[in-house]
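A, B, ... follow the sequence lines: proteins, then strands. Residue 1 opens every chain.
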Amino acid sequence: MLVLAIDTATPAVTTGLVQLDAVAGPRTLAERVTVNARAHGELLTPHVQAVLAEADVRLGDVDAVVCGAGPGPFTGLRVGLVTAAALGHALDRPVYPVATPDAIAWEVFRAGGEGAELLVVTDARRREVYWARYDTTGARVDGPNVERPADLAARLAGMVVRRAVGQGAELYADVLGLPVAAPSFPSPAGLVGAAAEALLSHARPGPLTPLYLRRPDAVEPGARKRVSQA
Amino acid sequence: MSALAGAVVLGIETSCDETGVGVVRLRADGHVDLLADEVASSVDEHARFGGVVPEVASRAHLEAMVPTVRRAMAVAGVRPSDVDAVAVTAGPGLAGALLVGVAAAKAYATAWNVPLYGVNHLSAHVAVDTLEHGPLPGPALALLVSGGHSSLLEVADLAGPINQLGATIDDAAGEAFDKVARLLGLPFPGGPHIDRVAREGDPDAIAFPRGLTGPRDPTYDFSFSGLKTAVARWVEAAEREGRSVSVPDVAASFQEAVVDVLTAKTVRAARDRGVDQLIIGGGVAANSRLRSMAEQRCASAGITLRVPRPKLCTDNGAMVAALGAHLLAARVDPSSLDIPADPGLHVTEIVMP
Ligand SMILES: [Zn+2]
């Protein structure tokens, strides 16, 4: 089946067309990944058009859409989700949400099969990180959570995890004290791989709910401020 | 034109706290018919904060977007293959909120393979009047007053550039209503509550200042911040001196000051520019005193007043669709699919390239 993959939960604007086969797994036909945290809104749709052109595929040929649901810092995250939701509606195709760290982890475990525990760490801005932990089979066993890097480092003492991936792990490598491997961002194949079971079984997609992990910044007004000198 | 007769335009609006989706159809003679005008508002979620919280609004837009498009298409009775263009508010407005609508509009336009128009929110407020009163017979002035804007515009042609004659230099008119309502213990949004309470009050009870009406002040600009402060001072002084505060009198006198300045400057602009059509739009256009004073002053100045019904005055998708239809009819080039959302989009830019 032909799957369009989208993720805007990290500074990367990720788009790809992926052929998913039950035996062979995902095979990327075309991808566009641009790291620019401020241009998700501008770049995403042109990226979709570019991968369609490169793979010589029409949007109507796509069987399903997969979209990273975060966690990601607010504004950019919504670009991917609303684009995926609107494409799904307009094309009458199912849209499958995937936790973005699952897509990153999928690639690590596919490359090396089973292996050591893994920590996926992405940048949450405001000096915090989003993190999720995966066991030796690649199953997520903790997270995603949002935390200060130092607090995550303190937790690591009680964990057996000895490796990390993701741009957040690179940014705070000195605080976390873990060796950092690739990838930094989710790939189209990772997104489709993480959703493969649901896609191939034509499962009913879950709701396209963004993983914000933070409440909006908003304060209720206090007492009226005086404008005249008492 | 003939090829465009019957063209259906879908419009998306997310510049503030309303997720609006409208559907219109263009007639051969340039008339634009409204087929659907669906709005999902997050206003209740903002009430306890006393103003629109951008992140709360953006989250609500994401949730409401596709359901609102579905509803609007169902109400309009159009299928995806019927849509000939997608228009969306590209600015001005709240950055994160605009971004949701712009991203969705790009996706729909791409999936349906139709042109995209990223348009100016203020022009859309002007264009919406044609859904109710038909095509503009000639040049018009537009007074746009809401919680986000207070602008006096000169419009020669809906698809062409707009000349901004004046705008607020501080608070928007609707913002002043919200702030004074809070001061008087009235709920958010303040406009309808002030309007209601003011009906029981005396508009001449307190002589509040008329901002920027001095001989050396800019002729067509507005200022409401000083008025809001004057109301606060008056209420505090009354409390300090143990006088009882008549909320209806304060509300009526405040409202009178706002409406007096808005209509006086607008009528003067119409005279100066030799324009005899006036459109009032934006949420404050629903204010009953603004409507009655504008009617009276326009009548004596020989100006034809056009005020769309309240639901078309507040932010909605129909206004965006209407402007999109006029742009399509005028064969204006559509926007590129890499346009940004522009929170500060200038009023002279009707459609993004
Ligand atoms: Zn508006």
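- Within the model, atoms CG of B:Asp338 and NE2 of A:His47 stand 11.0 Å from one another, a figure rounded to the nearest 0.5 Å.
- No more than 12 heavy atoms of other residues, nucleotides or ligands lie within 6.0 Å of CZ in A:Arg148, so this atom counts as exposed by the packing criterion.
- Proximity to chain B involves both the backbone and the side chain of A:Thr83, based on heavy atoms less than 4.5 angstrom apart.
- Crowding of B:Glu241 atom CD: a count of heavy atoms from other residues, nucleotides or ligands under 6.0 Å exceeding 12.
- In this structure, CG on B:Leu337 lies 5.0 Å from CD on A:Gln49, to the nearest 0.5 angstrom.
- The backbone N or O of A:Gly41 sits less than 3.5 Å from a side-chain atom of B:Lys106, completing a donor-acceptor pair.
- Within a 6.0 Å sphere centred on CD of A:Glu128, other residues, nucleotides and ligands contribute more than 12 heavy atoms.
- For the atom pair OG1 (B:Thr110) and CG (A:Leu91), the distance works out to 9.5 Å, reported to the nearest 0.5 Å.
- In this structure, the separation between CH2 on B:Trp112 and CG on A:Leu59 is 12.5 Å, given to the nearest 0.5 Å.
- For the pair B:Ile339/A:Glu42, no side-chain contact is recorded, criterion being any heavy-atom separation below 4.5 Å from C-beta on.
- Comparing B:Gly101, B:Ala104, B:Gly96 by how many heavy-atom pairs each has under 4.5 Å with chain A, the most go to B:Ala104.
- Using a 4.5 Å cut-off between heavy atoms, A:Leu44 does not touch chain B at all.
- When all heavy atoms are compared, the tightest approach of A:Arg215 to B:Arg59 is C-NH2, 4.1 Å.
- Across A:Leu208, A:Asp92, A:Val62, A:Leu87, the residue that shares the most heavy-atom pairs under 4.5 angstrom with chain B is A:Leu87.
- B:Leu99 places a side-chain heavy atom less than 4.5 Å from the side chain of A:Val79.
- Using a 4.5 Å cut-off between heavy atoms, A:Arg58 makes no contact with chain B at all.
- In terms of heavy atoms, B:Ala107 sits closest to A:Thr45 at N-OG1, 4.3 Å.
- Using a 4.5 Å cut-off between heavy atoms, A:Pro210 contacts chain B through its side chain alone, with no backbone atom that close.
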Given side chain to side chain contact (heavy atoms under 4.5 Å, CB included), test B:Met73 with A:His89 step by step and report yes or no. CA-CA 12 Å; B:Met73 291 178 70; A:His89 170 216; 4.2 Å; yes

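- Interface remark: B:Val100 contributes backbone and side-chain atoms alike to the contact with chain A (heavy atom separation under 4.5 Å).
- We find that A:Arg214 and B:Glu55 are not joined by a salt bridge, their nearest charged nitrogen and carboxylate oxygen being 4.0 Å or further apart.
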